[in-house]
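Reviewing the structure listed below.
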Amino acid sequence: MPSDAQAPVKLSLPLEFQQDIFKELREDDELVILARGLGILRIVTNLLHSYDAAGNNLIILVGADERENVWIGEALAEHAAVSQAAKARGLSLVNTDLMSVGTREKMYAQGGIFSITSRILIVDFLSGLLNPETVTGVVVLHAEKVVATSLEAFILRIYRQKNKAGFLKAFSDSPEPFTTGFAPLANMMKNLFLSKPALYPRYHVAVASSLEGRKRAEVIELEVPMTDAMRDIQNAVLECVEVSISELRKSNSGIEMDDWTLESALHRNFDTIIRRQLDPVWHRTTFKTRQVVRDLTLLRTILHALLTYDAVDFNRYLDTVLAASQPPPGSTKQNQSPWLFLDAADTIFTVAKQRVYKGKVSNADLARSSNDAVVDSLEPVLEEQPKWAQLAEILQEIEQDAYLNPTPQDSSYGAILIMCGDQNTCRQIREYLQIMYVKPESEQDDEETANEPSAKFLMRRKLRNYLTWKRDFTNFSASLFSENQKAINTSTENKVGSGRTGKPPPNKRRRMRGGGVGAASTRTEIGSVRTAGDRDAHIASLMAELQPSELEAMQKGEVGFDPLDNMEDYYELFNMNDLIVVHPYDGDLDEHILEEAKPRYVIMYEPDAAFIRRIEVYRSSHTDRTVKVFFMYYGGSVEEQRYLSGVRREKDAFTRLIKERGNMAMTINPNANLAPEEFFLRTINTRIAGGGRLAATAQPPRVIVDVREFRSSLPSLLHGKSIIVVPCMLTVGDYVVTPEICVERKSVRDLIGSFSNGRLFNQVESMMEHYKSPMLLIEFDAGKSFTLEPFSDLSAPGGLSNAPDLQSKLVMLTLAFPRLKIIWSSSPYQTAEIFMELKKQAEEPDPLRAVQLGLDPSMAGDSMRSFSQVTQDMLRALPGVTETIVTTLTLEVGSMIELANMEEKEVCALIGTDVGRRVYRFFNRSVYEDLAVPLL
């Protein structure tokens with residue numbers, strides 16, 4: 001398009017590597033894989049604007065989520081204003097079914113850039129609402145998600161079949177998914193119908209030269225040492241993880257487990273990877289294996305909570321973990337999680353409690369104390385997070401720097417940006433910064449600590465809230481599991497009694513550390529872990545010591561007092577030079593924060609490789625802005641290890657991709673198998689047995705699909721077999737394969753839900769009424785086991801004794817509907833093969849008739865009539881009645897009352913002499929003659 005190239009377009013791509021990518025994309029179709037944090041959305045918006053400014057283009061954006069749509073829409077509007085492009089239309093969203101068909105058709109006719117959800121776009125393509133030949137080009141985001149069975153791959157296949165001239169660009173900033181499996185890059189390129197990959201890691205020559213010039217951001221690494229207690233807990237959790245992984249390796253020897261290591265366990269998706277590997281044999285795994293898989297997720301959550309929660313919240317979280325692990329009444333210790341019985345688990349709970357409060361309670365005190373007694377030996381410890389003090393120190397340094405250099409020569413604001421991992425951490429930091437200089441009354445006279453930041457005030461408030469929660473939580477647990485609680489208390493007292501003599505119970509072989517009588521925790525007979533200090537006496541002791549002072553009560557009151565009188569006198573806009581912004585990491589949208597806040601100081605409270613690169617791009621893009629970055633991490637922690645491991649994994653992924661790109665033997669031609677002759681060959685029927693003729697049908701095979709079924713991968717696979725997929729809003733069934741065959745597709749989870757709410761019976765009944773061959777397709781996932789056993793717990797929450805299982809419900813369904821056929825399919829691939837077999841030598845279905853069935857009452861003929869299932873079940877219960885007789889009676893007799901009042905000759909004429917006499921006698925027998933009436 002020469003007119004596009006000459007259009008006066010102003011771009012915002014200041015860096016060299018961004019300009020290189022843009023030029024390559026304008027010249028050729030390719031897949032761009034960029035390292036995280038290098039600004040992929042900025043390149044996408046500039047590319048879209050270059051086409052938007054030219055006008056008369058219809059461009060489709062696929063795969064963008066809601067936040068990215070907002071970003072791209074704002075950026076395109078800004079570009080259009082700067083370039084003063086009169087033809088630019090901006091971004092239009094088509095993301096809801098509520099938008100009518102006519103509205104969408106008008107929008108497509110006008111042209112522009114459209115971000116359309118995949119489900120709506122595929123239906124519009126197939127129904128002809130949007131002709132693929134009129135599309136100028138398609139831009140795909142998150143290309144790593146375009147697998148063979150995805151809707152996006154289906155969309156691109158239709159687009160390339162009908163439009164050979166339009167452009168196709170794909171983007172991804174996640175290289176790891178492109179490195180799993182056999183020839184993964186080549187397969188992804190095949191799904192995307194592209195032949196040229198462009199790889200831009202951080203160490204690419206153009207990227208490195210753009211970011212490592214004279215305008216580099218100043219980064220100061222701060223290694224914060226963990227406290228001894230935090231290190232002890234971390235080591236204990238890692239020991240539990242290691243034991244759990246070794247247990248998995250031992251009990252699942254037939255599975256590839258090279259990645260089942262302690263280092264791999266630090267990654268976010270480790271438990272997902274293990275579950276995916278075990279899915280094909282999940283029905284053969286033991287209960288213990290399943291429990292260990294669940295425990296790995298829990299232990300990794302505990303590791304994360306240790307570094308992000310404060311001491312009080314972490315202890316509260318462990319209390320909930322402990323309560324959730326306690327068995328219901330009547331259970332045995334075999335049902336408990338194995339890691340709870342390790343000494344390391346004992347360390348986790350004990351040390352976590354010692355971070356909050358300390359004090360020794362002797363067995364005699366425990367035996368004597370009642371609920372109202374106060375044990376004076378407990379006192380708060382309230383260990384603060386080490387990063388808090390470091391954060392306060394950084395802020396003081398920034399304040400001194402701003403005082404000594406009041407007028408820096410740049411265009412940055414004096415704002416301070418603090419970046420955290422999630423919203424909970426942001427809330428915690430805001431709370432700390434607000435009251436870090438507020439002191440409890442006991443320390444207000446201490447001149448040495450008067451100007452030192454401290455979290456004691458905050459921690460005392462958190463501990464008060466925790467103790468109130470603990471008391472309520474204990475009461476709730478006691479009422480919920482009263483029997484279990486009684487057993488726990490009894491076993492605890494028994495252990496206390498045995499502790500007085502200094503001897504362990506005779507039937508327990510257990511090492512006691514440090515003499516035994518003052519052991520910090522004890523385990524009950526039914527397998528739960530019980531830590532000291534849980535009693536009401538301990539809570540009462542701490543509550544007495546933590547009574548809110550006058551200052552604390554006033555502080556709390558100030559928070560809720562916000563008068564709106566005289567707003568102009570008291571309220572004004574923030575001064576950006578005095579602003580501290582606390583924000584969580586939010587992917588590419590972090591660039592918005594940097595551009596709007598223009599911070600001079602950035603504090604990274606938690607490490608994030610992508611954000612460091614965003615700062616590098618931001619600093620290199622703006623020569624007149626200085627940025628000073630403080631990068632905090634816990635030394636020797638899981639946090640540091642996870643960060644380094646993530647950077648290494650990304651680097652290894654790019655190395656493998658570069659190697660595969662160099663060894664790709666063939667250039668994939670997207671137009672290779674789209675020749676029109678193939679469509680004709682597909683219509684030929686080669687079955688010539690019995691003297692038949694070799695003939696080609698007049699039209700290619702066709703399947704009518706309900707539009708709600710496009711969430712599954714089956715329509716895409718059917719289209720891949722050259723079957724025409726016709727999307728319609730069906731009332732009866734999900735797929736109409738032939739004029740006589742209608743299929744209701746259910747995944748196993750859908751099947752369980754449909755049985756629970758009774759919807760399946762109504763669906764099958766409507767299929768029985770309108771089609772000769774109704775079928776129920778039960779489809780399993782390709783990567784999971786082809787059996788119903790893993791779903792037994794879903795179908796019967798109360799166990800097999802309380803509710804009939806899935807198999808028995810299926811039997812009841814087939815008894816109620818004898819004509820119903822059930823198809824079992826191990827995967828969507830097999831389902832596509834089954835549909836091909838069902839369509840052989842059959843006529844093609846009529847879309848208009850399929851839509852009208854169920855809506856127009858006149859469409860059902862007499863042979864298809866549906867009758868009450870209750871009435872048919874009553875007829876089957878009559879003596880001597882078979883299925884043929886049931887059909888005869890339902891067609892010939894109006895009601896059960898009419899049948900009961902018929903003469904014997906009439907009944908015999910309908911169903912035969914022998915059966916007719918038995919049915920007549922059944923209805924006309926006197927009940928009172930057969931029963932002996934008792935005399936009064």
Side-chain angles (χ1 to χ4, degrees), residues 9-19 21-22 34-50 52 64-84 88 90-91 141 171 173 202 207 210-211 213 215-219 398 408-420 426 573-605 608-631:
V9 177
K10 294 182 181 178
L11 302 177
S12 60
L13 296 173
L15 301 182
E16 180 188 351
F17 78 90
Q18 295 173 337
Q19 296 164 8
I21 296 173
F22 178 82
L34 203 63
R36 290 183 188 87
L38 295 183
I40 195 167
L41 279 185
R42 179 181 289 269
I43 297 170
V44 171
T45 50
N46 278 273
L47 179 69
L48 290 174
H49 173 62
S50 68
D52 189 27
D65 60 35
E66 188 176 347
R67 298 178 310 161
E68 288 168 339
N69 283 329
V70 174
W71 164 290
I72 293 171
E74 291 179 0
L76 285 176
E78 189 176 332
H79 279 302
V82 172
S83 298
Q84 296 181 352
L91 183 71
L141 297 184
F171 296 87
D173 61 353
R202 172 62 179 81
V207 177
S210 299
L211 301 182
K215 299 171 287 186
R216 294 181 62 181
E218 182 183 356
V219 180
I398 291 172
Q409 302 299 319
D410 64 9
S411 63
S412 293
Y413 297 132
I416 302 169
L417 178 62
I418 303 176
M419 299 298 294
C420 311
C426 290
L573 292 176
F574 288 120
N575 182 358
M576 295 300 290
N577 291 319
D578 300 333
L579 204 59
I580 297 180
V581 181
V582 186
H583 200 273
Y585 294 120
D586 201 12
D588 281 314
L589 303 183
D590 290 339
E591 292 180 33
H592 254 327
I593 301 296
L594 291 170
E595 293 289 348
E596 291 179 9
K598 298 181 185 176
R600 187 172 294 126
Y601 306 98
V602 177
I603 302 173
M604 295 179 63
Y605 192 75
D608 184 75
F611 188 75
I612 292 177
R613 291 173 187 157
R614 287 192 180 93
I615 291 178
E616 288 181 320
V617 171
Y618 169 77
R619 177 69 182 92
S620 302
S621 303
H622 301 283
T623 56
D624 57 338
R625 298 179 192 174
T626 58
V627 181
K628 191 173 185 179
V629 182
F630 297 89
F631 179 80

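Between the CZ atom in Arg36 and the CD1 atom in Ile612 there is a gap of 14.0 Å [rounded to 0.5 Å]. Distance check: Phe611 CZ to Met604 CE gives 6.0 Å after rounding to the nearest 0.5 Å. With values rounded to the nearest 0.5 angstrom, Phe17 atom CZ is found 9.0 Å from Arg202 atom CZ. To the nearest 0.5 Å, atom CZ of residue Arg42 and atom OG of residue Ser621 are 6.0 Å apart. Note that CD of Glu616 and CZ of Arg613 are 8.0 Å apart. Values are rounded to the nearest 0.5 Å. If you take CG on Leu48 and CD1 on Ile43, they are separated by 12.0 Å, rounding to the nearest 0.5 Å.
Nearest heavy atoms, Ala64 versus Asn69: CB-OD1, 3.4 Å. Taking all atoms of both residues into account, the shortest heavy-atom contact from Thr45 to Ala75 is CG2-CB, 3.8 Å.
Remark: Ala80 pairs with Ala88 by the side chain to side chain contact (heavy atoms under 4.5 Å, CB included) rule, at least two apart or across chains.
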Do Leu417 and Ile615 pass the side-chain contact (heavy atoms from CB on, under 4.5 Å) test, and can you show the C-alpha distance, the side-chain angles, and the key distance before you say yes or no?
CA-CA 12 Å; Leu417 178 62; Ile615 291 178; over 6 Å; no
For a side-chain contact (heavy atoms from CB on, under 4.5 Å) check, start with the C-alpha distance between Leu13 and Ile21, then their side-chain angles and the critical distance, and finish with the verdict.
CA-CA 10 Å; Leu13 296 173; Ile21 296 173; over 6 Å; no
For the pair Arg625 and Glu595, evaluate salt bridge (charged side-chain N to carboxylate O under 4.0 Å, His left out) and give the outcome as yes or no after the intermediate values.
CA-CA 11 Å; Arg625 298 179 192 174; Glu595 293 289 348; 3.7 Å; yes
Run the side-chain contact (heavy atoms from CB on, under 4.5 Å) check on Cys426 and Cys420 step by step: do they pass?
CA-CA 6 Å; Cys426 290; Cys420 311; 3.9 Å; yes
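Side chains of Leu34 and Val207 form no contact here, defined as non-hydrogen atoms less than 4.5 Å apart. Using a 4.5 Å heavy-atom threshold, the side chains of Met419 and Asp590 count as touching. When side chains are defined from C-beta on, Leu41 does not count as touching Glu591, because their heavy atoms never get closer than 4.5 Å. In this structure the side chain of Leu38 never reaches within 4.5 angstrom of the side chain of Leu15, judged on heavy atoms. Inter-residue side-chain proximity for Tyr605 and Val582 is flagged as unmet; no heavy-atom pair is nearer than 4.5 Å. Using a 4.5 Å cut-off on side-chain heavy atoms (C-beta onward), Lys628 and Arg600 make no contact. Between Ile580 and Ile398 there is no side-chain heavy-atom pair separated by less than 4.5 Å. You'll find the side chain of Lys598 reaches within 4.5 Å of the side chain of Tyr618, heavy atoms only.
Side chain of Asp52 to main chain of Gly90: a donor-acceptor pair is present (N/O by atom type, distance under 3.5 Å, no hydrogens or angles). Judged purely by atom type and a 3.5 angstrom limit, Asp586 has no side-chain atom pairing as donor or acceptor with the backbone of Leu589.
Just one of Val581, Val627, Ile418, Leu594 meets the side chain to side chain contact (heavy atoms under 4.5 Å, CB included) condition when paired with Pro599; it is Leu594.
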